[in-house]
*Asks:* 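Have a look at the structure that comes next, please.
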Number of protein chains: 2
Amino acid sequence: MNTDVLVIGSSAAGLVSATTAKRVHPDKEVTVVTRLPQTLVPCGIPYVFGTLGSTDKDVMPVARMFEGAGVRLVHNEVMAIDRENRRVLLADDSEIGYDKLVLGTGSLPQQPGWLSGQDLDKVFYVPKDKDYLDTMKEKLAGCQRVVVIGAGFIGVEVSDELVKAGKQVQLVEQLPNILGMAFDEDISRRIEALVTGRGVEILTGTGVSKILGRTAVDGVELSDGRTLAADAVVLAMGYRPNTELAEKSGLPMSPLGFIKVDEYMRTDDPNIFAVGDCAEKRDFITRKAVPTMLASTACAEARIAGMNLFKLSAIKTFSGTISIFSTAIGETGAGVAGLTEKIAERENFNYVVGAFEGIDRHPGTLKDTHSQFVKLVVGKESGVILGGEVYGGLSTGELINTIGLIIQARMTVNSLLTAQIGSHPLMSASPAGYPLIKAAENAMSKMLAH
Amino acid sequence: MNTDVLVIGSSAAGLVSATTAKRVHPDKEVTVVTRLPQTLVPCGIPYVFGTLGSTDKDVMPVARMFEGAGVRLVHNEVMAIDRENRRVLLADDSEIGYDKLVLGTGSLPQQPGWLSGQDLDKVFYVPKDKDYLDTMKEKLAGCQRVVVIGAGFIGVEVSDELVKAGKQVQLVEQLPNILGMAFDEDISRRIEALVTGRGVEILTGTGVSKILGRTAVDGVELSDGRTLAADAVVLAMGYRPNTELAEKSGLPMSPLGFIKVDEYMRTDDPNIFAVGDCAEKRDFITRKAVPTMLASTACAEARIAGMNLFKLSAIKTFSGTISIFSTAIGETGAGVAGLTEKIAERENFNYVVGAFEGIDRHPGTLKDTHSQFVKLVVGKESGVILGGEVYGGLSTGELINTIGLIIQARMTVNSLLTAQIGSHPLMSASPAGYPLIKAAENAMSKMLAH
């Protein structure tokens, strides 16, 4: 069998690469190979433990989406890429020839070699694998005390959901704060207070040194010497790019271990692209290599790849990865886009911070009014908006995208202060006290201060 | 008494002018004169009839805000401006001398001269006046059948709120659709279905010709000959700029009847600025004079004026008014920014429309998931985003601001397709099916079609 465009992987990266490729090149045949019987909504996974109640409610209807887009879907596993003959070899010994190949092989949970006890029963990871998660859910049903290791987004969201499902949860994080890689300390502390109030016990500033137990886990030994009793352990220690196929085929890797790509998502092989968690990324502002893994980033890269497979047509007017993270805990949302203060400091930017706390409805007498805190990191001399953080209600999800686009459009404080922002009592802050604009005012005052 | 900066008016325009002026020029004395004992949140007014229940809950704490900002507040009415001697004369025959004067005199409800019966008891307008609205609420308490004339935002929101308060409401609109000045027909029709479902009876395509009654109103005669019985009538036929003071002082007016200003909000008198509903506006894209009246626009203008009173410091990197309207009916939000299809057609733009309907959470099995429809109007050759409309859940309030900033930053479809958009299951659409980006894809396909 042959195809014009072959995409490996059916999650965000593969889905959007394939449908974009077909939309832009309707005369080409586009085929997706996936080893997964069903594809999950990746960012929905933590919610299968509580809010959604089942992985069945977190399935992406990819078969229907591919059919609707005119893309062929093959359920099989690619074992090797034969670059010289432009073909891939499948698990059943069949092969598919390609003209252009897109790797969307994703990422896998970290399983650190130094940590003993990972093979014990009821020690879990959080992979994007429905069968695994179904078994995990079944086994967790009989467990009361759960220790979650790692307080990134997955660790925090899973902890909160497990509490919702009635578990007693301890969340262990090596850094001084939860979500410490994503947010500045002030925002992390707010989220900590919120999550603690909802019943998660947080232990920061200590790592895990050993997982304890004979056949099943019965505890965790921390690096500070304490021992926690546990009926189950969830390891949420991050993800590593799934690059095995690419490496075996001889494609060059980046120093951080991702598949090396250019700004059009091309690998060193002109006929092979890589997108999503498995592909190298460079930060939009610091220009450094970053290990960002986000479905939203994957989708943007996939659109770039899909449009540029045969000719470079979607010329990038800006480049680099801008991490836009957001999470919701109950009715509270937290989001970050671009540089935090911490990174601005570490990377030696000449910056000022503007901040403002207001409310997300107006008047504040309205039901469901939530406080809204906005912080902007701004280049002190250029006035260019480098980053922003929001802690507010659920409209945070879209507000952080507004900030993301402000950064991507390289807007300045001046253009933000003269910008027009719509507002409605039931949906947004007062135009006279819109926290985003007030934060910009605050930044401007600091830019002008001596 | 003398002051460096004198601001007339304490609503959005006056509030933000004065606090910005003081923030940027801390050494100057800034004074606000207002004739209102209490200032209302303007866009909250429709909600005093139902959701808020009382005007007391819609008061802006301006006294506290001015005090906190170091601005002096004077409760009095300005009767005349003596431009030659740079002073204003007050109702109590005192005067205030100024160096710079900012007019934020706002707008007043239209009271069309041709419409008889407006002086009957229980015929109401919707002014930004707490005492008036309190009396109106009291009188409405005894009324069951209410006819609202005019289906702009105020008319629609007041109608929905009066239904919420148990009234039987008929909403009369001369145009073929409600909100027909703001939205394209497809969005208007969705809002009509929604509002009708909530109990408002909508009569479009007919105006009012006469208000009927002896001492109190008892009905309305429509231009198509029908008569509606009514215990009360609310006239929501738009607002006119309150320019009396400016006109009396000899300041030039625009052809549409607003105070003539330049892009820095300066009138023809170098020491007098005008901002908000009373000041002339030019559309961001069509460049034509427009009668837009929005608190959000007023705030942007007020920031410009406040920053540029003594020297032009906040150089505008773009100019013109971009109308960003939004409204919420129950859990549904609708918003529009920039050009609609209808205006693009009327103004003879070479444009394409990209549209997509998706959902505002992911997976869609989540509680509170709402459909989300996004439409973009795009310059066919330039690819520049000229306008957008959204019909979705309550996150519409911030999403329409994202679109507003895209327009103000003059982003193109190409830059939007390569843009990165964050997403979270509980707050936003799937990154793989984000309606804003899918609408851009749809527009791009049409741009490339022959």
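Hydrogens, waters and symmetry mates are skipped; everything else that's a heavy atom, side chains included, is used. Being a predicted model, the structure only gives us computed values, none of them experimental.
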*Asks:* Under 3.5 Å, is there a donor-acceptor pair between the side chain of A:Q420 and the main chain of B:G320?
*Replies:* yes

*Asks:* Is it the backbone or the side chain of A:I403 that comes under 4.5 Å from a heavy atom of chain B, or both, or neither?
*Replies:*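 For A:I403, neither part sits under 4.5 Å from chain B.
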
*Asks:* Do the side-chain N and O atoms of A:E157 and A:T327 include a donor-acceptor pair separated by under 3.5 angstrom?
*Replies:*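 Yes, side-chain donor-acceptor contact under 3.5 Å.
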
*Asks:* Of the listed residues (B:C43, B:S395, B:G404), which shares the most heavy-atom pairs with chain A below a 4.5 Å separation?
*Replies:*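 The option with the most such pairs is B:C43.
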
*Asks:* Sort out for me which of A:T396, A:T365, A:I400, A:I324 touches chain B most, counting heavy-atom pairs under 4.5 Å.
*Replies:*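 Of the candidates given, the most pairs with chain B belong to A:T365.
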
*Asks:* If you count heavy-atom pairs within less than 4.5 Å of chain A, which of B:A337, B:S296, B:G44 leads?
*Replies:*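 If we count pairs closer than 4.5 Å to chain A, B:S296 comes out on top.
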
*Asks:* Who wins among B:R361, B:H362, B:M60 for the most heavy-atom pairs under 4.5 Å with chain A?
*Replies:*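 The residue among B:R361, B:H362, B:M60 with the greatest pair count is B:H362.
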
*Asks:* With only heavy atoms counted, which part of A:M307 is less than 4.5 Å from chain B, the side chain, the backbone, both or neither?
*Replies:* side chain

*Asks:* Quick one: sort the A:Y47 and B:H424 rings into parallel, tilted or perpendicular, breaks at 30° and 60°.
*Replies:* perpendicular

*Asks:* Quick check for you: among B:V41, B:L399, B:I421, which has the greatest number of heavy-atom pairs under 4.5 Å with chain A?
*Replies:* B:I421

*Asks:* Going by the angle between their ring planes, with limits at 30° and 60°, are A:F153 and A:F325 parallel, tilted or perpendicular?
*Replies:*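 Taking A:F325 first and then A:F153, their aromatic rings lie parallel (interplane angle under 30°).
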
*Asks:* Flag the one option from A:A328, A:S428, A:A295, A:P61 with the top tally of heavy-atom pairs under 4.5 Å to chain B.
*Replies:* A:A328

*Asks:* Measure the shortest side-chain to side-chain distance between B:S10 and B:F66 over non-hydrogen atoms and say whether it is less than 4.5 angstrom.
*Replies:* yes

*Asks:* Going by an N to O cut-off under 4.0 Å, is there a salt bridge joining B:R282 and B:E263?
*Replies:*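 No, no charged N to carboxylate O under 4.0 Å.
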
*Asks:* What part of A:S326 gets closer than 4.5 Å to chain B, counting heavy atoms only: side chain, backbone, both or neither?
*Replies:* both

*Asks:* For chain B, which candidate among A:A300, A:G397, A:P425 shows the most heavy-atom pairs at distances under 4.5 Å?
*Replies:* A:P425

*Asks:* Below 4.5 Å from any heavy atom of chain A, which atoms of B:L40 appear? Answer side chain, backbone, both or neither.
*Replies:*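 For B:L40, neither part sits under 4.5 Å from chain A.
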
*Asks:* Output the option from B:V16, B:D58, B:L417, B:T297 having the highest count of non-hydrogen pairs under 4.5 Å with chain A.
*Replies:* B:L417

*Asks:* Are any of the side-chain heavy atoms of B:L52 and A:P363 separated by less than 4.5 Å?
*Replies:*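 Yes - at least one pair of side-chain heavy atoms lies under 4.5 Å apart.
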
*Asks:* Is there a side-chain contact between B:L394 and B:E331 in this structure, where contact means two heavy atoms from C-beta onward sitting under 4.5 Å apart?
*Replies:* yes

*Asks:* Answer yes or no: is there a side-chain heavy-atom contact under 4.5 Å between B:E441 and A:T20?
*Replies:*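 Yes; the side chains approach each other to less than 4.5 Å.
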
*Asks:* Looking at B:T321, B:I406, B:L436, B:L15, which makes the most heavy-atom pairs under 4.5 Å with chain A?
*Replies:* B:T321

